[in-house]
*Asks:* 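One structure coming up, written as structure tokens, with questions to follow.
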Amino acid sequence: MKKKVILMTCVLAVVFVGAICLAKTGSGETASYTVEGDDFSAQVSGGKLILELPSNATTGYSWVIVEEPDIFTSDYDSYNESEGGEQLGSGGTTQFHIIALDEGSGTMVFQYRRNWEGGEVAGTYELTLDISRQRKTQLQIDSVSFERRDSGEDES
């Protein structure tokens, strides 16, 4: 009987420690930062990232990925109007869902541009991710950087 109690205590301890580890790796970290007066945010959960960029569809500008690395990709994006979005000129955000494909470091290039009138570019930005492999099969985004390129590089 004493051996069963000890065994059950050990099993419960292992299950409890395992649950804490899963919660820690599954919890999302949000980083907010400002680039040239604009606020951006990134929420990381394991090998996934939600990148939220300020947008204003009424201006004709939209976010476009112009270069993509081999180690991560965007599987979808969506535009979300801010509250009061029914007012002319009100902005919103574009949200990109990024997923890690392999370990390493890579850079994705975004442009905020009009796809008409000559494709005028308001800014070119770089998203850089460092990705590691956890437990052989799981990918983890370890660091996120989102920076504006020099204005001389905005020409398309």
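Computation of the quantities below employed the complete heavy-atom set of this structure, encompassing side-chain atoms and omitting hydrogens, waters and symmetry-equivalent molecules.
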*Asks:* Any chance you could measure Glu52, atom CD, to Phe96, atom CZ, to the nearest 0.5 Å?
*Replies:*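 Reported value, rounded in 0.5 Å steps: 11.5 Å.
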*Asks:* Once you round to the nearest 0.5 Å, how far does CG of Asp77 lie from OG1 of Thr94?
*Replies:*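 So the CG of Asp77 and the OG1 of Thr94 are separated by 7.0 Å.
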*Asks:* If you define the side chain from C-beta out and look only at heavy atoms, does anything of Leu101 sit under 4.5 Å from Thr73?
*Replies:*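 Side chain of Leu101 against side chain of Thr73, heavy atoms only: contact under 4.5 Å found.
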*Asks:* Any side-chain donor paired with an acceptor under 3.5 Å for Gln43 and Ser45?
*Replies:*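 No, no side-chain donor-acceptor pair sits under 3.5 Å.
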*Asks:* Grab the two heavy atoms, one from Ala100 and one from Ile131, that are nearest each other, plus how far apart they are.
*Replies:*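 Distance-wise, the nearest heavy atoms are CB-CD1, 3.8 Å.
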*Asks:* As an exercise, state the distance from OG of Ser62 to CG of Leu53, rounded to the nearest 0.5 Å.
*Replies:*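 So the gap between those two atoms works out to 11.5 Å.
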*Asks:* Report, as yes or no, whether the 6.0 Å neighbourhood of atom CG on Asp70 holds more than 12 heavy atoms from other residues, nucleotides or ligands.
*Replies:*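 Atom CG in Asp70 is not crowded, with 12 or fewer foreign heavy atoms closer than 6.0 Å.
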*Asks:* Between Phe40 and Phe146, does the ring centroid distance fall short of 6.0 Å?
*Replies:*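 Ring centroids of Phe40 and Phe146 are less than 6.0 Å from each other.
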*Asks:* What closest approach, in Å, do Pro69 and Gly106 show between heavy atoms, and which atom pair accounts for it?
*Replies:*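 Taking Pro69 first and Gly106 second, the nearest heavy atoms are CB-CA, 4.2 Å.
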*Asks:* Please lay out, stage by stage, how Ile65 and Met108 fare under the test side chain to side chain contact (heavy atoms under 4.5 Å, CB included).
*Replies:* CA-CA 7 Å; Ile65 298 171; Met108 181 177 281; 3.8 Å; yes
*Asks:* Begin with the C-alpha distance, continue with both residues' side-chain angles, and end with the deciding distance and a verdict on salt bridge (Lys or Arg N to Asp or Glu O under 4.0 Å) for Arg149 and Glu126.
*Replies:* CA-CA 7 Å; Arg149 280 188 178 176; Glu126 295 180 343; 2.7 Å; yes
*Asks:* With sequence neighbours excluded, tell me which residues meet ring pair (Phe, Tyr, Trp, His ring centres under 6.0 Å) with Tyr112.
*Replies:*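 For Tyr112 the ring pair (Phe, Tyr, Trp, His ring centres under 6.0 Å) partners, ignoring immediate neighbours, are Tyr61, Trp63.
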*Asks:* To the nearest 0.5 Å, how far apart are CG in Leu49 and NE2 in His97?
*Replies:*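 It comes to 8.5 Å.
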*Asks:* Mind listing the closest non-hydrogen atom pair of Glu103 and Ile71 along with its distance?
*Replies:*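 Heavy-atom minimum between the residues: O-CG2, 3.8 Å.
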*Asks:* Who pairs with Glu68 by salt bridge (Lys or Arg N to Asp or Glu O under 4.0 Å), at least two apart in sequence or on another chain?
*Replies:*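 In terms of salt bridge (Lys or Arg N to Asp or Glu O under 4.0 Å), with neighbours along the sequence ignored, Glu68 is linked to no residue.
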*Asks:* Decide side chain to side chain contact (heavy atoms under 4.5 Å, CB included) for Arg133 and Leu139; before the verdict, give the C-alpha distance in whole Å, the side-chain angles of both, and the deciding distance to 0.1 Å.
*Replies:* CA-CA 5 Å; Arg133 188 167 301 281; Leu139 295 170; 3.7 Å; yes
*Asks:* Please name the pair of heavy atoms, one in Thr128 and one in Ser105, separated by the smallest distance, quoted to 0.1 Å.
*Replies:*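 Of all heavy-atom pairs spanning Thr128 and Ser105, the closest is CG2-OG, 4.1 Å.
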*Asks:* Residues two or more places apart in sequence or in another chain: which of them pass side chain to side chain donor-acceptor pair (under 3.5 Å) with Ser74?
*Replies:*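 So Ser74 forms no side chain to side chain donor-acceptor pair (under 3.5 Å) with any residue.
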*Asks:* Please give me the minimum heavy-atom distance between Phe72 and Leu127, naming the atom from each residue.
*Replies:*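 Taking every non-hydrogen atom into account, CZ-O, 3.8 Å.
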*Asks:* Could you walk me through whether Glu120 and Arg113 pass the side chain to side chain contact (heavy atoms under 4.5 Å, CB included) test, one step at a time?
*Replies:* CA-CA 6 Å; Glu120 182 182 344; Arg113 70 180 187 197; over 6 Å; no
*Asks:* Could you pull out the closest heavy-atom pair between Tyr79 and Gly92, with the gap in Å?
*Replies:*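 In terms of heavy atoms, the two residues are closest at OH-N, 3.5 Å.
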*Asks:* Please step through side-chain hydrogen bond (donor to acceptor under 3.5 Å, both in side chains) for the pair Gln95 and Thr93, ending with a clear verdict.
*Replies:* CA-CA 6 Å; Gln95 195 176 75; Thr93 59; 5.9 Å; no
